[in-house]
Amino acid sequence: MKIRRKYLFYALALTSSIIASLVVGIDTIIRVKFIQNPYAFGIACFLVGTFITLLIALFLSIPIKGKSIGGKIIDPSFNRLRLFRKEELKYHLFAGFGNSLLTLGYFLLLSILEDPSVVLPFSQIVIIYLLFIESIVEKNVPTIVEVQSAVIVTFGAILGSISLGGSISITALAIVFLLYIPAWTIFSIYQRKLKLLKIDKKPNDSINIRFWNVVFACVFTLIMITIFDFITNSNNIIAGINASFDHFWWVSLTMAITFFAFVFYIRALGIGKASITQAVRSSIIIFIIPVTIILASLGIIPLFSVDPVWLLIKIIGIILIILGIISFALTLVKAYIFIKIKPGHPVEETMRKLWNISGVNRVAAVAGDYDFIIKIRTRTLVKGYEKIIRKIESIEGIKEYKWQSVLKEWEDI
Amino acid sequence: MISAYILISIRPGNSDKAIKEMRKIKNIAKISVVAGDYDIVVRVQVKSLENLLKVTDKIHMVDGIKKTTTQVIEKEIAL
């Protein structure tokens, strides 16, 4: 079915954040009621998680009428569970390492700050890190609009977090900035790279990526905690293994739901830039509120303040997040440029020159009336002129070009 | 796998219906409504040149299509 790519992207990212907010709720229950040691909880998550993710992935691999269940309902690129490929290994190592650091950081935070809705917003600062990294690695310098929207979302997220109960400690902030956010940056950049890889000439699927990510993260976590245990002479590993058995059902519940949150997240990453996916996903700040209210009314976390000033600040934060996300969504300009070249200029070289222009995300050498068709994505038309048209004009051998702005688009995804 | 762009001009007043019809055609991977010399740019993915002909045929059958130009992709770099 052909739908608008934009819709799918936002649907995936928002679904992911709704599911993730549920996960945070369940995690809080487990941490308060069952597993107090954050390291043990981290280990249990990955041990049980590997097992549960394997079961889910196997279930999704069951074929029905030639297509697997997972391919039908979760990700059309998914066929069945497979071993990771050689070309994926490097990315999986990074993504797995990122995930294991991230999870440990997250549980440390949960153990320092009582209230989950305080942990999440600060982690949204990751958007700014992502914008920065993307401008370096993806030949994708963020435009002023992207920076602006990202800053709006981030500040919104911070404001949105201020009120509810718990206070912010320096240790918590240090964990956020030095551990959690860098880890999340690595994690999402490399998962995006994995999703964009072609496996047997077909797009990579999110279910296999998620499964192998959990496996790698599990290994890294075990190694890191073992070293940590050795240095500090504690026995978190044993505690973790015990916790996996004692609270198997709770941990498997949270990891099963996490699986879906990440599968949708990875699919969204395959469509949009990591920073923008993250920005949309920061809507979790909004979805976490009902979860917090339920947890507080069950007496699991302390009740938050209902002081009108705090509430006002929180509402402003939420409005900023929504505004930021909408402005991301509305400011993408896409265009095709049809290009003719003069005879006597090598095609390959011109192709490479075109590809090096920032904002060009597809160059096709074609046979027909034109020589090249390139696809442009930019945030503003001014930038389209300054950064793209001028560069094209400066390439030697270009005879003629035609800019065709895309007004609306449907895609088979 | 062969990919191609088909550039389409349509008779005024038919775009909505034409797009609706084209969204049903299986081998079309992307439909972009554009402003410029053409009206619609379609990206097609097929197994062989023969299938490309079938898709172009199907597009020709759509009511309101005035003219199509097919550009077969020889080489491509994409993100």
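In what follows, chains are A, B, ... by sequence order, proteins preceding strands, each numbered from 1. In this text the structure is predicted, and so the values were computed from the model without any measurement.
- Contact between Val406(A) and Ser32(B) at its shortest, heavy atoms only, is CG1-CB, 3.9 Å.
- Nearest heavy atoms, Arg362(A) versus Tyr5(B): CD-OH, 3.5 Å.
- More than 12 heavy atoms of other shown residues, nucleotides or ligands fall within 6.0 angstrom of atom CD in Glu393(A).
- With a 4.5 Å cut-off on side-chain heavy atoms, Thr69(B) and Phe338(A) do not count as touching.
- For Met61(B), the CE atom is loosely surrounded, since the number of other residues' heavy atoms within 6.0 Å does not exceed 12.
- In Lys75(B), the NZ atom is not crowded: 12 or fewer heavy atoms of neighbouring residues, nucleotides or ligands sit closer than 6.0 Å.
- Among all heavy-atom pairs drawn from Ile73(B) and Val366(A), the shortest one is CG1-CG1, 3.7 Å.
- Rounding to the nearest 0.5 Å places NZ of Lys408(A) at 10.0 Å from OG of Ser15(B).
- Comparing Ser3(B), Ala4(B), Gly36(B), Ala35(B) by how many heavy-atom pairs each has under 4.5 Å with chain A, the most go to Ala35(B).
- Between chain B and the residues Ala335(A), Gly368(A), Ala367(A), the most heavy-atom pairs under 4.5 angstrom are made by Ala367(A).
- Taking 4.5 Å as the limit, every side-chain heavy atom of Glu76(B) sits out of range of all side-chain heavy atoms of Val363(A).
- For a residue to count as touching a neighbouring chain, one of its non-hydrogen atoms must lie under 4.5 Å from one of that chain's; by this rule Lys334(A) does not touch chain B.
- In this structure, Asn361(A) CG and Ile77(B) CD1 are separated by 12.0 Å, a value rounded to the nearest 0.5 Å.
- When all heavy atoms of Gln404(A) and Val34(B) are compared, the pair lying nearest together is OE1-CG2, 3.6 Å.
- At a 4.5 Å heavy-atom cutoff, the contact between Tyr336(A) and chain B is made by side-chain atoms alone.
- Annotation: Arg80(A), atom CZ; neighbour count of heavy atoms from other residues, nucleotides and ligands within 6.0 Å does not exceed 12.
- Taken to the nearest 0.5 Å, the CH2 atom of Trp410(A) stands 8.0 Å off from the CD1 atom of Ile40(B).
- Enclosure of atom CG in Asp57(B) by more than 12 non-hydrogen atoms of other residues, nucleotides or ligands within 6.0 angstrom is indicated.
- Atom-to-atom distance recorded for Phe372(A):CZ and Glu74(B):CD is 9.5 Å, nearest 0.5 angstrom.
- Rounding to the nearest 0.5 angstrom, the gap separating the CZ atom in Arg43(B) from the CD atom in Glu409(A) is 11.0 Å.
- Dense packing is recorded around NZ of Lys402(A), with more than 12 heavy atoms of other residues, nucleotides or ligands lying under 6.0 Å away.
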